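A quick write-up on the structure given underneath.
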Amino acid sequence: MTIDYSIENVSVNKSFGGWHKQYNHHAKTLNCYMRFAIYLPPQASNGEKVPVLYWLSGLTCTDENFMQKSGVQRIAAELGIAIIAPDTSPRGGEVADDDSYDLGQGAGFYVNATQTPWSRHYQMYDYVVNELPQLIESTFPVSDKRAIAGHSMGGHGALTIAMLNPERYRSMSAFSPISNPINCPWGRKAFTAYLGKDQATWRNHDASELMRQAQQFVPARVDQGGADDFLVEQLKPETLAAAAKVSDYPLELHLHEGYDHSYYFIASFIEDHLRFHATHLKK
């Protein structure tokens, strides 16, 4: 596939000696214009190609939530890691949508939709795995050393994408991921709409199912708040822990009492995640 690498810069902010920027571009895989954010640490201004952490956000989020609320720039600047935050779905008047917050725009679930009307635009898996990295690596001073992380729906995306592409990512991590979407309301709703009623196809996008059957390993860290309102019904970290035991997967699972599903939780432990990724990106 030929990628059009023309992009439009829409904002620039200096932060901890580096630069946070937002760009628009036409995404061929999604058939619409998309926005992404990039934080380039100071090392990228000195002729050094830096490794990249791709961050996938959760339901209702855009590229802005993580970049504005997590405080990731300080530690990324210290470690010399670029951060890429794409939007969570296709956007625009011609893009299919739904009145509920957990389907449609803002809720792409990082899969390639096969069902109408979603299949025309909702190819988020291909966008995150192929088109966006090609654009980033051809445009900015970054290397092909990649890690991936995310929150909630984005945690589901980060874990499944890394396990489906172990050769592409040095490490993966997640905050409060939807660990077993085939068995929770958010996942069943989205997968039925995007992938159809054949549940056999759903298992390819379920972190617990993939981890249970894994034969190639991407080092993994997951953090979960004990006071998360979605813990029991939607997130199910215990299924991920059980799957890791079956395959002897290198999973670090950290449970934190009192923490909820918010960016207060993410900001509290994002430094731990970046240091985890740095150990693998810089090997």
Side-chain angles (χ1 to χ4, degrees), residues 56-61 88-90 96 98 100-119 121-129 148-166 169 172-218 220-225 228-251 253 255 261:
L56 308 182
S57 288
L59 290 167
T60 75
C61 291
T88 54
S89 79
D98 189 86
S100 58
Y101 76 95
D102 53 358
L103 189 68
Q105 295 188 35
F109 269 82
Y110 306 102
V111 300
N112 286 341
T114 59
Q115 307 299 301
T116 57
W118 312 103
S119 56
H121 296 286
Y122 286 75
Q123 305 295 310
M124 286 297 292
Y125 175 90
D126 281 349
Y127 178 68
V128 170
V129 173
I148 192 165
H151 172 230
S152 194
M153 177 186 73
H156 137 77
L159 297 180
T160 56
I161 283 172
M163 284 189 283
L164 289 168
N165 301 274
Y169 301 98
M172 63 182 184
S173 73
F175 288 88
S176 315
I178 305 173
S179 296
N180 190 207
I182 66 175
N183 288 314
C184 80
W186 279 340
R188 288 195 295 267
K189 179 177 180 178
F191 287 1
T192 300
Y194 297 146
L195 303 176
K197 296 181 180 180
D198 181 4
Q199 296 189 17
T201 65
W202 300 5
R203 297 182 183 276
N204 293 328
H205 300 283
D206 185 293
S208 294
E209 294 291 322
L210 292 171
M211 190 166 285
R212 182 179 295 108
Q213 301 169 23
Q215 296 182 349
Q216 291 180 274
F217 299 148
V218 180
R221 175 178 177 133
V222 171
D223 284 65
Q224 174 63 60
D228 193 317
D229 289 341
F230 304 112
L231 178 61
V232 175
E233 184 179 33
Q234 303 282 13
L235 305 179
K236 303 183 182 298
E238 68 280 359
T239 64
L240 196 67
K245 287 183 178 180
V246 172
S247 63
D248 200 23
Y249 206 96
L251 169 67
L253 177 58
L255 300 176
H261 200 70

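Predicted model only: the values in this text are computed from it and were never measured. In what follows, every heavy atom counts, from backbone to side chain, and hydrogens, waters and symmetry copies are set aside.
- With a 4.5 Å cut-off on side-chain heavy atoms, M163 and V218 do not count as touching.
- The environment of D229 atom CG is sparse: at most 12 non-hydrogen atoms of other residues, nucleotides or ligands sit within 6.0 angstrom.
- Contact between A96 and H121 at its shortest, heavy atoms only, is N-CD2, 4.4 Å.
- Here the OG1-CD1 distance, from T192 to I182, works out to 11.5 Å after rounding to the nearest 0.5 Å.
- Within the 4.5 Å cutoff, side-chain heavy atoms of F191 are placed close to those of F109.
- Taking 4.5 Å as the limit, some side-chain heavy atom of Y169 sits within range of a side-chain heavy atom of N165.
- H261 places no side-chain N or O within 3.5 Å of a backbone atom of G225 that could act as its donor or acceptor partner.
- Using modelled atom types, one side-chain atom of W202 and one backbone atom of G196 make a donor-acceptor pair closer than 3.5 Å.
- For Q234 (side chain) and W186 (main-chain N/O), a donor-acceptor pair under 3.5 Å exists by modelled atom type.
- Using a 4.5 Å cut-off on side-chain heavy atoms (C-beta onward), P237 and L231 make contact.
- Distance CG/N204 to CG/L164: 6.5 Å, rounded to 0.5 Å.
- Interatomic distance, CG of L159 versus CG of L56, reported as 9.5 Å (0.5 Å rounding).
- In terms of modelled atom types and a separation under 3.5 Å, the side chain of Y125 and the main chain of A113 share no donor-acceptor contact.
- Side-chain contact check for T239 versus N183: every heavy-atom pair is 4.5 Å or farther apart.
- L251 and A244 make their closest contact through CD2-CB, 3.8 Å (heavy atoms, listed as atom of the first residue, atom of the second, distance).
- Atoms CZ and CE, from F217 and M172 in turn, are 10.0 Å apart once rounded to the nearest 0.5 Å.
- A distance of 7.0 Å separates CG of L253 from CG of L240, quoted to the nearest 0.5 Å.
- Of all the heavy atoms in H205 and H156, the pair that sits closest is O-CE1, 3.1 Å.
- More than 12 non-hydrogen atoms from other residues, nucleotides or ligands lie less than 6.0 angstrom from CZ of R212.
- With hydrogens and angles disregarded, a donor-acceptor distance shorter than 3.5 Å links the side chain of N112 to the backbone of D126.
- The closest donor-acceptor contact from the side chain of Y194 to the backbone of K189 lies at 3.5 Å or more, if one exists at all.
- The shortest heavy-atom contact between D102 and L59 is CA-CD2, 3.9 Å.
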Passes side-chain contact (heavy atoms from CB on, under 4.5 Å), T201 versus T114? Steps please. CA-CA 10 Å; T201 65; T114 59; over 6 Å; no

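- Annotation: side chain of L103 is in contact with side chain of W118 (closest heavy-atom distance under 4.5 Å).
- No donor-acceptor distance shorter than 3.5 angstrom exists from the side chain of Y110 to the backbone of T88, with no hydrogens or angles considered.
- Taking the side chain as every heavy atom from C-beta outward, E233 and C184 never approach each other to under 4.5 Å.
- At least one side-chain heavy atom of D206 sits under 4.5 Å from a side-chain heavy atom of N180.
- Nearest heavy-atom pair, A207 versus T160, reported as atom, atom and distance to 0.1 Å: N-CG2, 3.6 Å.
- Closest approach of P177 and G155 over heavy atoms only: CB-C, 3.7 Å.
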side-chain hydrogen bond (donor to acceptor under 3.5 Å, both in side chains) between K236 and S208, worked out: CA-CA 9 Å; K236 303 183 182 298; S208 294; over 6 Å; no

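- Using a distance-only test at 3.5 Å, with no hydrogens or angles considered, no donor-acceptor pair links the side chain of S247 to the main chain of A214.
- In this structure, CE on M211 lies 11.5 Å from CG on D248, to the nearest 0.5 angstrom.
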